[in-house]
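Have a look at the structure below, then the notes.
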Number of protein chains: 2
Amino acid sequence: MSVEAPPKPVILTGDRTTGPLHLGHYAGSLRNRVALQHSHRQSLLLADAQALTDNAHDPARIARNVIEVATDYLAVGIDPAVTTICVQSALPALAELTQLYLNFVTVARLERNPTIKDEIQARGLGRDIPAGFLCYPAAQAADITAFRATLVPVGEDQAPLIEQTNEIVRRLNRQVGHDLLPEARALIPEVGRLPGVDGKAKMSKSGGNAVPLSASDAEIDAAVQRMYTDPGHLRASDPGKVEGNVVFTYLDAFDPDPEAVAALKAHYRRGGLGDAALKRRLAGVLRDLLGPIRERRAEIARDPDRVMDVLRTGTARARAVTAATRDAVQEALGLFRL
Amino acid sequence: MSVEAPPKPVILTGDRTTGPLHLGHYAGSLRNRVALQHSHRQSLLLADAQALTDNAHDPARIARNVIEVATDYLAVGIDPAVTTICVQSALPALAELTQLYLNFVTVARLERNPTIKDEIQARGLGRDIPAGFLCYPAAQAADITAFRATLVPVGEDQAPLIEQTNEIVRRLNRQVGHDLLPEARALIPEVGRLPGVDGKAKMSKSGGNAVPLSASDAEIDAAVQRMYTDPGHLRASDPGKVEGNVVFTYLDAFDPDPEAVAALKAHYRRGGLGDAALKRRLAGVLRDLLGPIRERRAEIARDPDRVMDVLRTGTARARAVTAATRDAVQEALGLFRL
């Protein structure tokens, strides 16, 4: 009697291809993906179609960054032999499922989605949002279900999108009378979002407060120099605050020696530890982290055919998976099939 | 020196597959399609995906009627050797272009579309419309442009949908800096919409006032019996009104002898022509028209494989055309291409 291994849980995640990835992505998602890729069946979607929903005026940038983000994936250690790296716009089944799911969700429901609401407000778009942007929760439901993903790593602010997906899943399952599609669960990272070097909550390239994965040692040093510490900590001998001190947030996120960091925190609190020494340590930690990534990145970028091969292989694999789901959904709903 | 024939103008039209077609379709579109199919490059889209935008609760009905409508096409004389008959949901490039075009149109613009506005109001749906229904003008733009159609036969009430298509076309052409896609022109039929047998403006199966193309002689007679004439025309000897008299509207639409109809109108106006005689003539005209269609329909329905073959061949042809347009659009916009 043979004992089969239980199937690995399926993870779908990915990135909008609006720019190369940075340290915030590394802390919040990339390193988790590297850690999970062997114990899970993981697919990474280069979400160019989703990036177009608010970048239709500049599609060339979105296209260029497909390669940049894929290069980032490989540079941080995503192994394309176990993780499927694929291009969203090259998977027609996703567009077909999106179009279908849009019939199972009302305009009012899309407008109530907190993630969409916040983003519309933040951009001051009102009703002049592109229709594709309003509809992207349905597209995301298509992505998640097409891969039959049950785990979707997202930030806390994106959890409502998983709920929207599950509503569509439940609606379809109810209509066909069986569990056609699995519900998905948000996998919210334990580590909160990494702040920008200026202390702002969100690190972003457009915000000018990001450290790209390709940063040189000099760029790393300059970024750490700019970093926000404790404004009340004027002399090294003064007691300093650890909470809200960006340098400590980064040390917590990246220093491989947490005990040493704990000792530094105690020292900083009681006074006698200068910002300069602290920043020297962080700069060293980040150089050690990003140096090898930068080198692998440069090596990969010298061979663009290799990245294209990875994308072709991964996308072909994803095409088979997503087309099978589309077929199953069409069949279960009783749609016309040629 | 050889002189090439100018290319035939491209027509795209079709029907939502919500039910078998009826006499209203025959008068308003089917016979035009038969007449135009040799002088034009014509494609007929069995619009099952569009029909789902407000029928997602009953996809089986939409699927069943793909075959019914295709059978109607063949029965009235559409020649699949010259007209491409194809299934919308089996053309993934249409979904892909729809998703793309949704980024080039705002929610506000979709909501302003008079056709959508009227239909939302007529159905009392408010914001609880399915998102797919709000978005269908973008899907229609995908249909029209994917076939590079320049002529789109539509009722007058649907002309705003062509304008929406052309707005997207102009926006794309402007962005890429050349005429990537042609604008389309609405081809509005000279003959107005055929009223229902009860005199209501629109003939529809759900309205219970339609004559299906498969009607038997007895059903034709019964439908003509129910027909609205002139309520003031109580005795045959009374003068009668021709305007608004449904029997005359139908004779105008279908009687092969317009001079005889003109003489009947004069006779009816001055009195002495009874409704019974008039209705006998119309019943004869409709029996002559629908008899052969009904017989061909029955013959075709006996061989379902033949209809499936027609759909497979036409859809394969349409798949090549629509995929080529999708490729051209993606390339011109500079989207990522594997």
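All heavy atoms count here, side chains included; hydrogens, waters and symmetry mates do not. In what follows, every chain begins at residue 1, and chains take the letters A, B, ... in the order their sequences are listed. Computed from a predicted structure; not experimentally measured.
Contacts between A:T53 and chain B at a heavy-atom distance below 4.5 Å involve backbone atoms as well as side-chain atoms. No part of B:R326 comes within reach of chain A, as not one of its non-hydrogen atoms sits under 4.5 angstrom from that chain. Within the 4.5 angstrom heavy-atom criterion, no atom of A:L46 approaches chain B. Residue B:L100 touches chain A through its side chain alone, counting heavy-atom pairs closer than 4.5 Å. Only the side chain of A:L110 comes within contact range of chain B, with heavy atoms under 4.5 Å apart. Looking at A:R109, neither its backbone nor its side chain comes within 4.5 Å of chain B, counting heavy atoms on both sides. Both the backbone and the side chain of B:L311 have a heavy atom closer than 4.5 Å to some heavy atom of chain A. Residue B:T98 touches chain A through its side chain alone, counting heavy-atom pairs closer than 4.5 Å. Residue contact with chain A, scored on non-hydrogen atoms closer than 4.5 Å, involves the backbone and the side chain of B:E96 alike.
Contact check for B:F336 versus A:I67: side-chain heavy atoms found under the 4.5 Å cut-off. The side-chain heavy atoms of B:L335 and A:L52, taken from C-beta on, include a pair separated by under 4.5 Å.
Closest approach of B:L333 and A:P59 over heavy atoms only: O-CG, 3.2 Å. The shortest non-hydrogen separation linking B:C135 to A:C135 is SG-SG, 3.5 Å. The two atoms that bring A:M308 and B:R337 nearest to each other are CE-O, 4.0 Å, heavy atoms only. Smallest separation of non-hydrogen atoms from A:A139 and B:Q99: CB-NE2, 3.7 Å.
Atom NE2 of B:H57 is separated from atom CG of A:N103 by 11.5 Å, given to the nearest 0.5 angstrom. In this structure, the separation between CG on A:L338 and CG on B:D309 is 10.5 Å, given to the nearest 0.5 Å.
Counting heavy-atom neighbours within 6.0 Å of A:R41 CZ, excluding the residue itself, gives a total of 12 or less.
No other option in A:A138, A:G334, A:A131 has as many heavy-atom pairs under 4.5 Å with chain B as A:A131. Contact count versus chain A (heavy atoms, under 4.5 Å) is highest, among B:L134, B:T315, B:V105, B:L102, for B:L102.
Proximity of a side-chain donor or acceptor of A:Q175 to a complementary backbone N or O of B:A56 within less than 3.5 Å is detected.
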